[in-house]
**Student:** 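Structure in structure tokens, see below.
Computed from a prediction, not measured in an experiment: that's the story for all the values here. Ligands are counted one by one from 1 in listed order, and the atoms in each one are counted from 1 as well.
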Amino acid sequence: MNHQSSHPQPASPEESRRVAEAARETSWNKPGFLRELFLGRLRMDLLFPFPEPKGIDRPEFQAFYTQLEALLREVDADEIDRKGKIPRDVIRKLAALGAFGMKIERKYGGLGLTQSEYNQVMKLLGSRDGNITALLSAHQSIGVPQPLALFGSDAQKEKYLPRIAKGAVSAFALTEPEVGSDPAKLAATVSESEDGEAFILNGEKLWCTNGTIAELLVVMARHAEDRAISAFVVEADWPGVEIVHHSRFMGLKALENAKIRFSNVRIPKENLIWKRGQGLKLALITLNTGRLALPATTTGTAKACLQICRQWANQRVQWGQPIGRHEAVTHKIADMAAHTFAMEAISDLATAMAEKGMDIRLEAAIAKLYNTEALWLIVDDTMQIRGGRGYETADSLRGRGEPGIPVERMMRDARINQIFEGSSEIMRLFIAREAVDKHLQISGGLLDPHNSLKTRLGLLPKIAWFYLRWYPPLWLGWSHWPRYGQFRRLAPQVRYIDRTTRKLARQIFRGMLRHGPGLEKRQAFLGRIVDIGAELFAMAATVSKARKVFKEGDRNAVNLAILFCQGARRRIEANFNALWTNDDRAAYKIGRQVLDRQFTWLEQGIVNLAEEVHLHETLTGEQYQQAIENIRHSDVSLYTD
Ligand SMILES: Cc1cc2nc3c(=O)[nH]c(=O)nc-3n(C[C@H](O)[C@H](O)[C@H](O)COP(=O)(O)OP(=O)(O)OC[C@H]3O[C@@H](n4cnc5c(N)ncnc54)[C@H](O)[C@@H]3O)c2cc1C
């Protein structure tokens with residue numbers, strides 16, 4: 001076997017955990033709604049009245065927004081999808097509008113949009129074209145301007161931000177062939193140049209969005225001497241930077257996504273961002289703050305789905321009446337409206353909370369998790385409601401004289417949202433880690449089997465002191481009438497959120513006692529805890545937003561919020577039940593047996609797909625290519641199971 005170089009040893013679970021913990025933001029200096037919620041404290045004061053967005057009525061913003069909307073109307077999203085390319089002219093027009101400098105301060109030539117304004121733009125983009133959304137979002141939600149705004153020196157900002165604001169496309173390069181969710185094995189390296197004035201970068205980065213057209217990259221790499229990870233601004237036209245592959249995907253067909261090779265690239269020392277060794281933390285904080293874009297773009301797509309379904313379900317007549325009157329379809333549409341309302345509430349709220357200076361680490365993560373998963377269900381329902389026309393391409397629909405409603409494209413474009421910028425599974429782990437953080441701080445030492453009995457006993461007074469004060473109120477709080485009367489018809493929902501917040505904290509505590517240090521491995525248990533927290537956040541955001549919309553004159557918003565909350569409550573109760581009554585153990589056992597090849601008989605009777613993977617694992621690059629060729633041109637199978 002000769003695959004050592006392309007498949008390096010994986011990191012041990014301990015190493016992965018240590019690297020992730022070292023990069024974690026540990027302090028909580030500002031208030032956080034969800035941080036408190038997981039501790040059993042409902043802080044409705046942090047989100048009610050619903051915070052006002054900053055700036056969106058500004059005439060400068062309105063002018064930009066209107067021009068961008070006009071440009072997006074002109075854009076042929078289906079042609080972009082078909083040709084796999086955003087026309088240069090569209091990119092030039094976007095640059096002329098200032099769209100590449102939306103979040104850059106005005107003093108550097110940017111538009112200086114507030115987070116809420118940026119959020120509005122992301123919704124608009126999400127409703128129209130996934131490729132342009134990804135271009136602009138990767139460029140400034142996570143690309144060079146974001147880490148520079150957060151951590152760049154004045155000199156770096158002065159050098160790069162004006163250039164970016166004018167349209168120099170940027171990209172974020174963290175992922176590598178062997179480094180996806182887990183950064184512990186990051187392999188790109190930097191070493192000091194002989195003259196001591198630069199770093200020399202070597203390595204490969206995978207799936208770098210905008211990579212094929214970017215002028216500037218933020219690259220995470222390890223120092224050869226001590227393995228510490230730093231972040232650098234790298235200019236794409238420097239010697240040694242090579243685009244080795246343009247990756248293509250199921251959707252987002254025009255994504256300018258690259259595999260990039262760095263061979264002895266000389267990076268001047270002043271291009272190190274923030275501090276040496278803080279590169280992974282920088283990447284994670286950048287992703288945390290940049291994570292507000294996806295909740296907004298997905299909200300825009302959900303709104304588009306709602307519009308498509310409303311029109312179609314009124315127009316399409318089957319079995320003597322519009323399909324929207326058949327209950328199965330009407331219910332789908334009601335659910336879609338309720339979820340779209342919740343998604344917008346979550347996105348706007350998390351954004352406004354960030355503007356108010358709150359710590360939104362958890363809110364942004366839940367917004368990303370919740371909205372991307374909700375959108376997938378909405379797109380799926382949209383396809384179902386459009387029936388065969390949902391599955392047909394927009395070009396084909398137009399070709400036979402019908403409106404080119406692009407549900408097929410929307411579905412292909414939407415799926416990636418649950419994978420990139422933190423997959424759903426990783427979001428759940430990240431949120432769960434923070435949900436149990438206080439308990440780990442207080443009683444982690446007691447649960448740690450490495451600590452001696454004496455050490456553990458010594459910790460008891462501190463632990464007892466915390467829990468004696470913390471636990472009883474979780475049973476005693478009052479969440480019945482007349483509490484929360486200011487929410488009027490929504491008060492019962494808020495009372496439920498209050499009761500359930502305390503119940504959730506009690507269940508987390510019970511989980512700690514039951515599973516001890518093993519709790520971190522109980523992903524199913526933790527996932528349910530996170531999903532309950534996410535539903536409670538969604539309910540609180542929706543209720544607060546509904547009160548605002550009601551006051552602004554639309555009384556029906558309350559009914560929409562109630563419908564959403566009733567559904568959320570059913571999902572929450574199902575998750576509570578499954579915390580302690582489930583088939584987790586049996587499912588884990590069977591899953592492992594499948595992996596241990598005990599059910600390969602179930603895979604019989606198909607065209608063998610495992611062959612190619614097996615060959616890739618066992619052969620060198622050239623031998624592998626040759627073997628694949630041989631298989632394609634013969635009917636002999638090289639794969640023996
Ligand atoms: C279209 C596209 C654009 C992208 N753009 C960029 C970009 O601009 N810059 C960049 O740096 N990267 C980018 N990426 C990379 C993207 O962020 C990664 O795909 C993502 O981080 C997941 O990594 P992975 O695909 O290697 O999956 P893996 O990490 O290999 O995970 C595979 C599966 O296992 C699950 N999993 C992994 N670990 C755990 C665990 N501990 N517990 C439970 N489940 C687990 C994952 O959730 C996933 O479902 C892009 C990817 C794509 C496809």
**Student:** Do the side chains of Lys368 and Glu373 get close enough for a salt bridge, i.e. N-O under 4.0 angstrom?
**Tutor:** no
**Student:** Listed by chain and number, what are the side-chain contact (heavy atoms from CB on, under 4.5 Å) partners of Thr382, not counting sequence neighbours?
**Tutor:** Cys305, Ile308, Cys309, Met336, Ile378, Val407
**Student:** Can you tell whether the side chains of Asp395 and Arg409 come within less than 4.0 Å, N to carboxylate O?
**Tutor:** no
**Student:** With side-chain hydrogen bond (donor to acceptor under 3.5 Å, both in side chains) as the criterion, how do Tyr118 and Gln140 come out once you've worked through the C-alpha distance, each side chain's angles and the decisive distance to 0.1 Å?
**Tutor:** CA-CA 10 Å; Tyr118 184 67; Gln140 52 208 318; 4.8 Å; no
**Student:** Residues in side-chain contact (heavy atoms from CB on, under 4.5 Å) with Gln523, at least two apart?
**Tutor:** Leu429
**Student:** Report every pair formed by an N or O atom of ligand 1 and a protein N or O atom separated by less than 3.5 Å, giving atom names and the distance to 0.1 Å.
**Tutor:**
unit_1	atom_1	unit_2	atom_2	d
ligand 1	5 (N)	Trp207	O	3.0
ligand 1	5 (N)	Thr209	OG1	2.8
ligand 1	8 (O)	Thr209	N	3.0
ligand 1	8 (O)	Thr209	OG1	3.4
ligand 1	9 (N)	Phe172	O	2.8
ligand 1	11 (O)	Leu174	N	3.0
ligand 1	11 (O)	Thr175	N	2.9
ligand 1	11 (O)	Thr175	OG1	3.1
ligand 1	12 (N)	Thr175	OG1	2.6
ligand 1	29 (O)	Ser181	N	2.8
ligand 1	29 (O)	Ser181	OG	2.5
ligand 1	42 (N)	Gln523	NE2	3.0
ligand 1	47 (O)	Ser423	OG	2.6
ligand 1	47 (O)	Glu425	OE1	2.7
ligand 1	49 (O)	Glu425	OE1	3.4

**Student:** Just to verify, what does Ile590 make a side-chain contact (heavy atoms from CB on, under 4.5 Å) with, not counting sequence neighbours?
**Tutor:** Gln593, Val594, Phe599
